[in-house]
Amino acid sequence: MSAPAHSVKRSAGARLAGLVIAAHGRHYLVAPEHEPHALLQCFPRGKKSEVAVGDRVVYEQRSADQGVIVEIGERRNLLYRSDQFKSKLFAANLDQLLIVLATEPHFSEDLLGRALVAAEANELKPLIVLNKTDVTAALPTARERLARYRALGYDVLELSIKTQPQEALTALRARLQGHATLLLGQSGMGKSTLVNLVVPNADVATREISTALNSGRHTTTFTRLYPLPEGGALIDSPGFQEFGLYHLTEGRLERAFPEFRPLLAHCRFYNCHHLHEPGCAILEALAEGRVARERHALYAQLVHEASQVVR
C-alpha cells in the first residue's frame, strides 16, 4: 500500500518536484509541486550548482521547511545579469519580457534597447508598457521617442495604472494570462504599482518570501515569482541598471537587432563586424537613414562591452 500523501510530503530525504520562486544569494525558495503554499528554503547541492528563479527542480526534503536541490530541470531559456567580470543566473523558462516605462520621469532608451536585445537574443516576446499617460504634457514626447520601436514591430501598450486601474488591469491580464513574464523597469516608472495591481496581496507575499529567505529587510534585492490568478506568472526583479549583456556573442548580438537581420547576408565579408568594414550592408543602411544611429550606437557599445569580458 502506498504511503499517505501527507507522510510523503514531510518525510526527510524524500525527492519531490518544485518551482524556484525566489533567490537571494545562494538561498532559494521553492514552492512544492504538491503543495505550492508550503514554501521551503533550499540550497543547491555542490558549490558549482547554479539555480535561477523559474527553474523546475527536484529537491530532497531535510526538515519541515528546508531542503536540498539535487536536480535542475531542462530550461527553455535562461537570462543572466552580467558585467565584464562575471555572469549570474537571473531567471529561467520565460515567455515574455515586460518593460515598464513612463511619460515621466525621463526613461532611458539605452536600458530599453538593452532589454529588447535580451528579449530577441532569448526568443522572448517583448512588451513595452508606457505608463502615466495621464501626464498629458509629457505624453507627446514619450510617444515620439517610442515611435522608432513601434516601427520595428514592438508592441507598446499605453496605460495609466493609477488613474485608470481597472482598464489597465483588463489590458494587462489579456497579455499576461498563461505566460511566464519577466518584469523590468527603472525606479519611478510604476513597476511596483503594476505588480500590486495584477498580483493580489503582492506586498504580503513579498514579506512572506523575505521572511522565508531570511533576507529580512532586503525586500527589494531579490528576484521573485508571483503566480497569477488567471494562470502564468509574473517575475519581478530588482535594479534594471544591473541588467547586462556581456555574455552575448557578437553573432547573437547582430541577430538581436531586427532591423539588421534582413541585411546580414548582404555584407561583403561573411565575418563583418558592422562597425568600419567596407561593403557592410548595415553601415550602408545607416548612412541612408534606414537604420537609426542610436540603435547602431547601442550595437557598437554592446560589441565593445563583450570584447572587455575577463575570461
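Values in this document were obtained by computation on a predicted structure and should not be read as measured data. Position 1 is the first residue of the sequence, and the numbers go up from there.
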Would you say that [X] contacts [Y] through its side chain, given a criterion of any heavy-atom pair below 4.5 Å between the two side chains?
X: Lys132; Y: Pro105; value: yes
X: Leu172; Y: Val129; value: yes
X: Asn196; Y: Leu194; value: no
X: Leu79; Y: Leu182; value: yes
X: Leu152; Y: Arg295; value: yes
X: Cys280; Y: Phe269; value: no
X: Leu157; Y: Leu130; value: no
X: Ile235; Y: Leu183; value: no

* **Residues Leu19, Asp55; criterion side chain to side chain contact (heavy atoms under 4.5 Å, CB included); working and verdict** => CA-CA 6 Å; Leu19 174 68; Asp55 270 333; over 6 Å; no
Which atom pair, heavy atoms only, marks the closest approach of [X] to [Y]?
X: Pro36; Y: Ala31; value: O-CB, 3.4 Å
X: Gln186; Y: Ser108; value: OE1-N, 2.9 Å
X: Arg75; Y: Ala52; value: NH2-N, 4.1 Å
X: Leu116; Y: Pro126; value: CD2-CB, 3.7 Å
X: Cys272; Y: Glu254; value: O-OE1, 4.2 Å
X: Leu159; Y: Ala168; value: CD2-CA, 3.9 Å

* Taking the six-membered ring for Trp, are Phe260 and Phe257 parallel (under 30°), tilted (30 to 60°) or perpendicular (over 60°)? -> parallel
Do [X] side-chain atoms and [Y] backbone N/O form a donor-acceptor pair below 3.5 Å?
X: Ser307; Y: His304; answer: yes
X: Arg56; Y: Gly73; answer: no
X: Glu277; Y: His273; answer: yes
X: Asn122; Y: Ala118; answer: yes
X: Thr103; Y: Ala142; answer: no
X: Arg255; Y: Gly251; answer: yes
X: Arg76; Y: Leu94; answer: yes

* **side-chain contact (heavy atoms from CB on, under 4.5 Å) partner of His274, chosen from Leu263, Leu253, Ile282** =>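 Of the listed options, the one satisfying the test is Ile282.
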* Asked: Which one of His34, Glu33, Glu35 satisfies the side-chain contact (heavy atoms from CB on, under 4.5 Å) criterion with Leu16?
  ->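 When His34, Glu33, Glu35 are each tested with Leu16, the side-chain contact (heavy atoms from CB on, under 4.5 Å) holds only for His34.
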* Please step through side chain to side chain contact (heavy atoms under 4.5 Å, CB included) for the pair Leu298 and Asp110, ending with a clear verdict. => CA-CA 7 Å; Leu298 174 62; Asp110 178 70; 3.6 Å; yes
First locate atom [atom1] of [X], then atom [atom2] of [Y], and finally report the distance between them rounded to the nearest 0.5 Å.
X: Glu74; Y: Asn93; atom1: CD; atom2: CG; value: 9.5 Å
X: Leu248; Y: Tyr80; atom1: CG; atom2: OH; value: 10.0 Å
X: Asp65; Y: Cys42; atom1: CG; atom2: SG; value: 9.5 Å
X: Asp236; Y: Thr181; atom1: CG; atom2: OG1; value: 12.0 Å
X: Asn131; Y: Glu158; atom1: CG; atom2: CD; value: 10.5 Å
X: Leu286; Y: Tyr299; atom1: CG; atom2: OH; value: 12.5 Å

Check ion pair [X]-[Y] (N to O, under 4.0 angstrom):
X: Glu294; Y: Arg148; value: yes
X: Arg114; Y: Glu109; value: no
X: Arg261; Y: Glu259; value: no
X: Asp134; Y: Lys162; value: no
X: Lys125; Y: Asp95; value: no
X: Arg290; Y: Glu284; value: no

* List, by chain and then residue number, the residues other than Val58 in its hydrophobic cluster (Ile/Leu/Val/Met/Phe/Trp/Tyr, side-chain heavy atoms under 4.5 Å); write none if there are no others. =>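 Grouped by the 4.5 Å side-chain rule, Val68, Val70 form the rest of the cluster around Val58.
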* Evaluate side chain to side chain contact (heavy atoms under 4.5 Å, CB included) for Arg45 paired with Glu71, printing each intermediate quantity in order. => CA-CA 9 Å; Arg45 176 173 286 171; Glu71 188 179 325; over 6 Å; no
* Asked: Under a 4.5 Å side-chain heavy-atom rule over Ile, Leu, Val, Met, Phe, Trp and Tyr, are Leu245 and Leu275 clustered together?
  ->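 Yes; Leu275 is reachable from Leu245 via cluster members.
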* Dump the intermediate steps for side chain to side chain contact (heavy atoms under 4.5 Å, CB included) on Arg224 and Ile21, then the final yes or no. => CA-CA 5 Å; Arg224 64 272 205 188; Ile21 67 161; over 6 Å; no
* Asked: Would you say Glu123 has more than 12 foreign heavy atoms packed within less than 6.0 Å of its CD?
  ->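 No.
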* **Steps toward salt bridge (charged side-chain N to carboxylate O under 4.0 Å, His left out) verdict (Arg252, Glu250)** => CA-CA 5 Å; Arg252 285 183 73 190; Glu250 196 171 311; over 6 Å; no
* ring-ring contact (aromatic ring centres under 6.0 Å, His included) against Tyr154, all qualifying residues, sequence neighbours excluded -> none
* Decide whether a cation-pi geometry holds between Arg145 and Phe107; the criteria are a distance under 6.0 Å from NZ or CZ to the six-membered ring centre and an angle within 45° of the ring axis. => yes
* Ala297: side chain to side chain contact (heavy atoms under 4.5 Å, CB included) partners, not counting sequence neighbours -> none
* Check the pair Asp155 / Arg175 against salt bridge (charged side-chain N to carboxylate O under 4.0 Å, His left out), numbers first and verdict last. => CA-CA 11 Å; Asp155 199 2; Arg175 310 299 182 98; 2.6 Å; yes
